[in-house]
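Single-structure report; data block below.
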Protein chains: 2
Amino acid sequence: MTEDLATADALPGRARRGGRAGKRSGSATFEQPAFRQLVNPFEPTKIVSDDALEAIHEASLRVLRDIGVEVLHDEARAIMKAHGADVRPDTQRVHFDPALILELIVHCPSAFEVHARNPAHNLRMGGRNLIVAEMASAPNCSDADRGRRPGNREDFRNFVKLSQMHNIIQCQGGYPVEPVDIHAGIRHLECLRDIVTLTDKAFHIYSLGKERNLDGIEIARIARGVSREQFANEVSCFTIINTNSPLKLDVPMMEGIIQMARHGQAVIVTPFTLAGAMAPVTIAGAVVQQNAEALAALAFAQMVRKGAPVGYGGFTSNVDMRSGAPAFGTPEYMKAQLLGGQLARRYAIPYRSSNVCAANTVDAQAAYESVFSLWGCVQGGANMIKHAAGWLEGGLCCSYEKMMLDIDLLQMMAEFMAPLDLSEDALAVEAIREVGPGGHFFGSPHTQARYKTAFYAPIISDWRNYENWAQGGSPTSIDHANRLWKERLAIYEPPPMDEGIRDELNDFVERRIREGGAPTDF
Amino acid sequence: MTEDLATADALPGRARRGGRAGKRSGSATFEQPAFRQLVNPFEPTKIVSDDALEAIHEASLRVLRDIGVEVLHDEARAIMKAHGADVRPDTQRVHFDPALILELIVHCPSAFEVHARNPAHNLRMGGRNLIVAEMASAPNCSDADRGRRPGNREDFRNFVKLSQMHNIIQCQGGYPVEPVDIHAGIRHLECLRDIVTLTDKAFHIYSLGKERNLDGIEIARIARGVSREQFANEVSCFTIINTNSPLKLDVPMMEGIIQMARHGQAVIVTPFTLAGAMAPVTIAGAVVQQNAEALAALAFAQMVRKGAPVGYGGFTSNVDMRSGAPAFGTPEYMKAQLLGGQLARRYAIPYRSSNVCAANTVDAQAAYESVFSLWGCVQGGANMIKHAAGWLEGGLCCSYEKMMLDIDLLQMMAEFMAPLDLSEDALAVEAIREVGPGGHFFGSPHTQARYKTAFYAPIISDWRNYENWAQGGSPTSIDHANRLWKERLAIYEPPPMDEGIRDELNDFVERRIREGGAPTDF
């Protein structure tokens, strides 16, 4: 039924979508919903009137015109100057005329396809489509058995394997945990080789200098086994561009936009505007700044290449005003999610949000902050949920148990978005007649024909009654999650890879490692 | 700001709203948002098209016409017959012509005021207004120190006190836990006396026979200190009418409708339609049945008294098909919440939903099932959230820790619904200019002027970083909740009560106890 809605969603470009790839992924020995393109059937929730939205939009343009942004990258400033921005000698401050920004951003595509090396895992970004990406960039990881530890390659690989195994995690959003036991100069080579061999889904590459962008782009091309020409016309990887809020665009970020846009790969601009810290303490003000920074970077991407595939990212949240620590999944975060979505739709640019929390363990807080975040994602009309599975501690830790919890939450979100069966048979007037007043539907033919697939079967929820649950040792959600990730990792199987591609990939990675990888002075 | 929206909400009747009653409640020695009428600013989310909604509506009318409902109450059948329903001798089955149902339900008021004995705690039911009621009817209660135990008067009183202390719990939805140490014949007298002395908010009375309805109505009148005539024109208490699904309306429920409607008090009809058990296994079919049952009882209330204040309750959820145990806060539950809201709005009747879960302890499951439920309440346009605080184990237990968790969740929900400040000052362009690229907003005058009240301060969330949290003993949400309810109960103070009213109340209750209370053969 999702397929119908996806078809009704009139987007430019080809219509290919995920499909059902359980078999191809090689590890479907547990029950889970099929891999599919998620489509959000709900009208996004507006948090402000159209007039108020215009006021925010205008305020952002005023910021860009009157205050400007600091652009640390010389070539980027030259490109901006060539396109008519107000760039003066001896200063990095660049001012943009509102008309210039608006002329440029109309070139942002409203939707595009994201190609995975397994075409069954291709995704659509934009419109009513929703893409789910695993958590990224945690310095630490943890599980309930061994506790918390710095990121390392084994844990990195385990998280990547879990994302491959679970259909609801549709692409790799970065390194779920930073494997600090791999030298920083070659880490991107080893990690991306791991990602393209352990998974067959689309993935993110970090913008940490030109070499890393180009290496990532080449690895994505090799993994898909396509020509450079074809690759440049098919988004196969994406990068997140975080502005240095407030109002700074640094060298690696600008370089990332240049390289990715030139190679036809996706740039998701996400200002990190924490209200009260790097942005005004008012949510409206923080979003004005978010929007100004996003528009500057998005317009720049269109200067580099008209029609460059981009996304509008929102990450505005509040901070704990006592400690300055970021807070997530709060009412303020949700409001910023809805508002960011309204702005992105105003510009017809795909919208990225996140599933985030500030909790330190997989307790009620982790769950409520995450579901509040998902609420904001779905009702805010997000097209991509980054950090969708694993995120704990405001992003400082990737948790095995949180990953399993998030998989369940995401699967429930997907089920909530799946259209209701409204057929005459589903309306069940005949079944109601057969059972009659005072009867029971358990044994009725209408129920018997459907009960196995009628409802989503959660993987964490414990629905036993209190007595059976207590007799079973009173397990909490974290206990169920702990058992699950071990059960699932134990049956991981890598997806198939063409031997020619594998050789080319290894040759490339080994050569680049021999060459010393990439500079580490970023 | 909420006030503006509430004013914009064009509802019939007087405009009085909650106001800020912190001082009057006598126990405001901790920080919390003021008591206020919640107003939902968001357009409700439609889950089906208008055509599909009509198909469900028509199917429900077909059920009432062709299958009918069993009405066990003789006087009720006589009233139905007098109003033109198809009532035949020697059978309790009653069939309704669709036109009859539709003629009657147009008399349901779309909104009404609910009067508390403290007028500052009056509430509006209907329109965009949202009322929050404490959990009701648990046979057991629990806390993390003493575990689980059958309901008793001390725990009953404690939960009632907590609901009085917290502004976000706006009325009493019933007995939070069933005090089985009070004899069933006089339990309603003792419990309602407790409720009207320990709280000054509006409350629910159970429909368990005529005497209990009449006693509850008289206690509500005495507590408000108003005449019978005034009372009959001012909703001051409400009852929940659960149909005996499928398609049965029993004696106490029909009696409850008769007594409450005759006395001008509110009837919230809530079919308990668990898909796959008491209703069809398809959500659409279960809602068809829910709607048929609701329409029958709502139409009956209008037969008793045209314009009787009513609410449309939805409680449709799925069951665990292995055990038959009810599940809550599931994707299916959320879909039913949205669909129920669409139906209630189609009939312009205030909509009641619930904050429910199946979890056995206050773990991640309790939190995610509850937030999913609140998501369905808010986006489904609910006007009343029953079981909003304390609910655990599918309703079999009221938990002290869950109550504190829910208070935090509800306060966050309320903050999410509070309008954004969109003033020029909040857009903060000047503040952005002052701080400039690369600066920090922590110390800026714009931040300093606002930081104390800029963000909602959660009561459960632990926002410390991992190291400080670990050093603090790694407390989870349940630990924080456990500390909180004890701190708060320790400072409870009863709201003031006029001595004349107290005497009249005690005289009435003591007399009714001497008379033997109410029959216990219900």
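Order of the sequence lines sets the chain letters (A, B, ...), proteins ahead of strands, with each chain counted from 1.
For B:E369, the part lying under 4.5 angstrom from a heavy atom of chain A is the side chain only. Contacts of A:A325 with chain B are made by side-chain atoms alone, with heavy-atom separations under 4.5 Å and no backbone atom involved. The contact between A:V435 and chain B is made entirely by side chain atoms (from C-beta outward), counting heavy-atom distances below 4.5 Å. Residue A:R322: no heavy atom, backbone or side chain, is found under 4.5 Å from chain B. Heavy-atom distances place the side chain of A:E424, and not its backbone, under 4.5 Å from chain B. Only the side chain of A:L338 comes within contact range of chain B, judged by heavy atoms closer than 4.5 Å. With a threshold of 4.5 angstrom between heavy atoms, A:Q411 does not approach chain B through any atom at all. For a residue to count as touching a neighbouring chain, one of its non-hydrogen atoms must lie under 4.5 Å from one of that chain's; by this rule A:E467 touches chain B with the side chain only. Both the backbone and the side chain of A:D462 come within contact range of chain B, each with at least one heavy atom under 4.5 Å from a heavy atom of that chain. In this structure, the portions of A:K335 lying under 4.5 Å from any heavy atom of chain B include both its backbone and its side chain.
When A:I56, A:N244, A:L339, A:L374 are compared by the number of non-hydrogen pairs under 4.5 Å with chain B, A:L374 comes out ahead. For the set A:D408, A:L392, A:V69, A:V288, the count of heavy-atom pairs under 4.5 angstrom toward chain B peaks at A:V288. Options A:Y333, A:F328, A:F442 differ in how many heavy-atom pairs under 4.5 Å they form with chain B, and the most are formed by A:F442. Of the listed residues (B:R93, B:K248, B:M334), the greatest number of heavy-atom pairs within a distance under 4.5 Å of chain A belongs to B:M334. Taking chain A as the reference chain and counting heavy-atom pairs below 4.5 Å, the highest number among B:P458, B:A367, B:A52, B:P437 is found for B:P437. Ranked by non-hydrogen atom pairs under 4.5 Å with chain B, the options A:L274, A:L405, A:L409, A:N468 are led by A:L409. Chain B forms more heavy-atom pairs under 4.5 Å with one residue of A:G285, A:A284, A:A275, A:P246 than with any other, namely A:P246. Options B:G276, B:A454, B:A428, B:A358 differ in how many heavy-atom pairs under 4.5 Å they form with chain A, and the most are formed by B:G276. Ranking B:F42, B:Y451, B:W469 against chain A, the residue ahead of the rest is B:W469, based on heavy-atom pairs under 4.5 Å. Ranked by heavy-atom pairs under 4.5 Å with chain A, the first of B:A366, B:G439, B:S323 is B:G439. With chain A as partner, the option from B:I432, B:V63, B:T476 having the largest number of non-hydrogen pairs under 4.5 angstrom is B:I432. The choice from A:E70, A:R62, A:R148, A:E393 that makes the most heavy-atom pairs within less than 4.5 Å of chain B is A:R148.
Side-chain atoms of A:V362 and B:D363, non-hydrogen and from C-beta on, never get closer than 4.5 Å to each other. With contacts defined as side-chain heavy-atom distances shorter than 4.5 Å, the pair A:Q289/B:F441 qualifies. Within the 4.5 Å cutoff, the side chain of B:T361 has no heavy atoms near those of the A:Y466 side chain. The shortest side-chain heavy-atom distance between B:T45 and A:E43 does not fall under the 4.5 Å cut-off. Between B:D320 and A:R464, the closest side-chain pair of non-hydrogen atoms is not below 4.5 Å. By the 4.5 Å heavy-atom criterion applied to side chains, B:F455 and A:T330 are not counted as neighbours. Inter-residue side-chain proximity for B:H480 and A:Q365 is flagged as unmet; no heavy-atom pair is nearer than 4.5 Å. The closest side-chain heavy-atom distance from A:M321 to B:T447 is below 4.5 Å.
Side-chain atoms of A:Y368 and B:S477 include no donor-acceptor pair closer than 3.5 Å.
Between B:R450 and A:T282, the shortest heavy-atom distance links the atoms CD-CG2, 3.7 Å.
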Pair A:E415-B:E332, side chain to side chain contact (heavy atoms under 4.5 Å, CB included): steps then yes or no:
CA-CA 8 Å; A:E415 183 63 33; B:E332 294 79 14; 4.0 Å; yes
Walk me through it: do B:V281 and A:Q448 pass the test side chain to side chain contact (heavy atoms under 4.5 Å, CB included)?
CA-CA 9 Å; B:V281 74; A:Q448 289 299 310; over 6 Å; no
Run the side chain to side chain contact (heavy atoms under 4.5 Å, CB included) check on A:I283 and B:D421 step by step: do they pass?
CA-CA 8 Å; A:I283 291 300; B:D421 182 358; over 6 Å; no
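Within the 6.0 Å centre-distance limit, the rings of A:F416 and B:W375 are counted as a close aromatic pair.
Without hydrogens or angle criteria, A:H440 side chain to B:A277 main chain gives a donor-acceptor distance under 3.5 Å.
Considering CG of A:L396 and CG of B:N465, their distance stands at 8.0 Å, rounded to 0.5 Å. Remark: B:E430 CD to A:D66 CG distance equals 8.5 Å, nearest 0.5 Å.
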